[in-house]
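One structure below.
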Amino acid sequence: MTSSQDAPSRTRIYQMFDRISPWYDGLNRLLSLRQDVRWRKKLAEFLPQDRPLRILDVATGTADVPIFLLEKMPAVGKIVGIDPAKKMLSIGRDKIARRKLQSVVTLFPGNAMQLPFPGDVFDAVTISFGIRNVTDIGRALREMYRVLKPGGRVLILEFSLPGFPLFRKIYLFYFRRLLPGIGGLLSGAPGAYRYLNRSVETFPYGENFLKRLEASGFRRTKAVPLTFGIATLYVGEK
């Protein structure tokens with residue numbers, strides 16, 4: 001486990017994502033062995049299926065989650081995506097335009113800790129692999145709670161660490177040694193992929209994160225391990 005003294009700085013992490021934005025989507029598929037696609041499918045299973053939904057996707061990046069939901073789920077109505085990384089958003093807008101989804105999905109700059117929306121307006125708030133990057137997790141969770149309608153649902157995908165000792169050992173070797181080298185070589189930004197494992201290993205995953213959700217007001221919380229615990233989907237309701 002990385003020590004607290006080695007915890008990465010998250011203050012201006014969006015600049016790092018802007019630097020790797022041209023390679024971001026391709027490296028996600030490659031380095032996760034396309035598990036990221038399976039994880040988005042699991043997230044979609046926890047959304048209400050019986051009515052049009054207004055969804056906020058926080059830390060939307062290149063808009064993978066909004067595009068996936070709009071293409072796979074007829075119940076989705078409109079999606080707003082926010083992210084502080086403007087180059088990532090630019091790539092996302094191009095992807096949306098190619099699919100002619102501009103009428104139902106909108107992207108603009110925004111910060112998870114200060115959501116620019118009134119309270120009680122979204123049926124669901126999603127965030128995928130972004131909550132560990134905010135400087136104040138509790139504040140971000142409280143903001144997500146605020147903008148949800150009563151009965152609305154938060155869905156948070158985030159990396160975690162496998163519990164099975166042997167698999168955990170193999171995974172950490174890949175995560176600490178191989179992945180930073182491959183990602184750095186292909187993107188030209190090795191620091192970005194060294195940051196990845198450090199940010200994951202310092203994140204309060206599992207039961208610790210459920211306590212954060214509950215402290216922010218969410219109820220009926222659950223943690224759903226994915227791919228042997230490499231990632232976890234957290235669910236909570238307002």
Side-chain angles (χ1 to χ4, degrees), residues 8-32 34-37 39-40 43-44 55-72 76 78-117 122 124-137 140 143-144 147 154-159 179-180 182-200 203 231:
S9 171
R10 294 164 169 83
T11 306
R12 303 181 73 82
I13 195 64
Y14 67 90
Q15 295 177 338
M16 181 195 78
F17 283 105
D18 270 343
R19 285 197 299 273
I20 66 172
S21 58
W23 305 278
Y24 183 79
D25 286 345
L27 283 173
N28 273 358
R29 306 296 181 274
L30 173 66
L31 295 174
S32 75
R34 290 191 64 82
Q35 291 301 299
D36 62 315
V37 177
W39 299 335
R40 284 193 291 277
L43 180 148
I55 298 174
L56 170 65
D57 187 46
V58 181
T60 197
T62 61
D64 267 352
V65 169
I67 289 170
F68 178 86
L69 294 179
L70 288 165
E71 290 182 340
K72 303 298 183 183
V76 173
K78 291 186 178 292
I79 301 182
V80 177
I82 67 167
D83 199 294
K86 294 181 181 180
K87 291 182 181 179
M88 298 277 279
L89 290 178
S90 178
I91 291 172
R93 291 189 185 101
D94 288 342
K95 290 161 62 175
I96 289 164
R98 288 196 299 270
R99 292 165 174 81
K100 303 186 186 304
L101 296 172
Q102 303 97 315
S103 64
V104 287
V105 59
T106 305
L107 307 182
F108 58 89
N111 189 312
M113 296 181 295
Q114 192 172 3
L115 298 176
F117 309 103
F122 293 102
V125 175
T126 61
I127 178 169
S128 299
F129 309 106
I131 192 64
R132 75 181 190 282
N133 296 324
V134 303
T135 56
D136 188 334
I137 292 173
E143 278 290 274
M144 295 177 202
V147 301
V154 67
L155 299 170
I156 299 173
L157 270 174
E158 191 50 83
F159 289 113
L179 185 148
I182 297 169
L185 179 66
L186 295 178
S187 70
Y193 291 90
R194 287 194 297 270
Y195 166 83
L196 175 60
N197 82 279
R198 293 172 183 170
S199 64
V200 171
F203 180 74

Report yes if the side chains of [X] and [Y] come closer than 4.5 Å at any heavy-atom pair, otherwise no.
{"X": "I67", "Y": "I96", "result": "yes"}
{"X": "P116", "Y": "F108", "result": "yes"}
{"X": "V37", "Y": "R40", "result": "yes"}
{"X": "E143", "Y": "V58", "result": "no"}
{"X": "T60", "Y": "V65", "result": "no"}

Show the nearest heavy-atom pair for residues [X] and [Y], with the distance to one decimal.
{"X": "K78", "Y": "S103", "result": "NZ-O, 2.8 Å"}
{"X": "A140", "Y": "V134", "result": "CB-CG2, 4.2 Å"}
{"X": "R93", "Y": "P109", "result": "NH2-CD, 4.2 Å"}
{"X": "A59", "Y": "G130", "result": "CB-CA, 4.1 Å"}
{"X": "A63", "Y": "G92", "result": "CB-CA, 4.0 Å"}
{"X": "I127", "Y": "I131", "result": "CD1-N, 3.5 Å"}

For this session: On the 0 to 90° scale, with breaks at 30° and 60°, tag the W39-F129 ring pair as parallel, tilted or perpendicular.
Result: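 W39 and F129: tilted rings.
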Exercise. Parallel under 30°, tilted from 30 to 60°, perpendicular over 60°: which one fits the rings of F122 and F117?
Worked result: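 Ring orientation of F122 relative to F117: perpendicular.
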Looking at [atom1] of [X] and [atom2] of [Y], how far apart are the two atoms once the value is rounded to the nearest 0.5 Å?
{"X": "M113", "Y": "I137", "atom1": "CE", "atom2": "CD1", "value": "10.5 Å"}
{"X": "L155", "Y": "L43", "atom1": "CG", "atom2": "CG", "value": "5.0 Å"}
{"X": "I55", "Y": "T126", "atom1": "CD1", "atom2": "OG1", "value": "6.5 Å"}
{"X": "I79", "Y": "L70", "atom1": "CD1", "atom2": "CG", "value": "4.0 Å"}

Exercise. Would a distance-only check, ignoring hydrogens and angles, find a side-chain to backbone donor-acceptor pair under 3.5 Å from D57 to G81?
Worked result: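 Such a contact is absent between D57 side chain and G81 backbone.
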For this session: Output yes when a side-chain donor or acceptor of R132 lies under 3.5 Å from a complementary backbone atom of E158, and no otherwise.
Result: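 It does not hold such a pair.
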Exercise. Thinking salt bridges, do D94 and R98 make one under a 4.0 Å N-O criterion?
Worked result: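 No salt bridge links D94 with R98.
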Problem set entry | Test side chain to side chain contact (heavy atoms under 4.5 Å, CB included) applied to L107 and K95, step by step | CA-CA 11 Å; L107 307 182; K95 290 161 62 175; over 6 Å; no
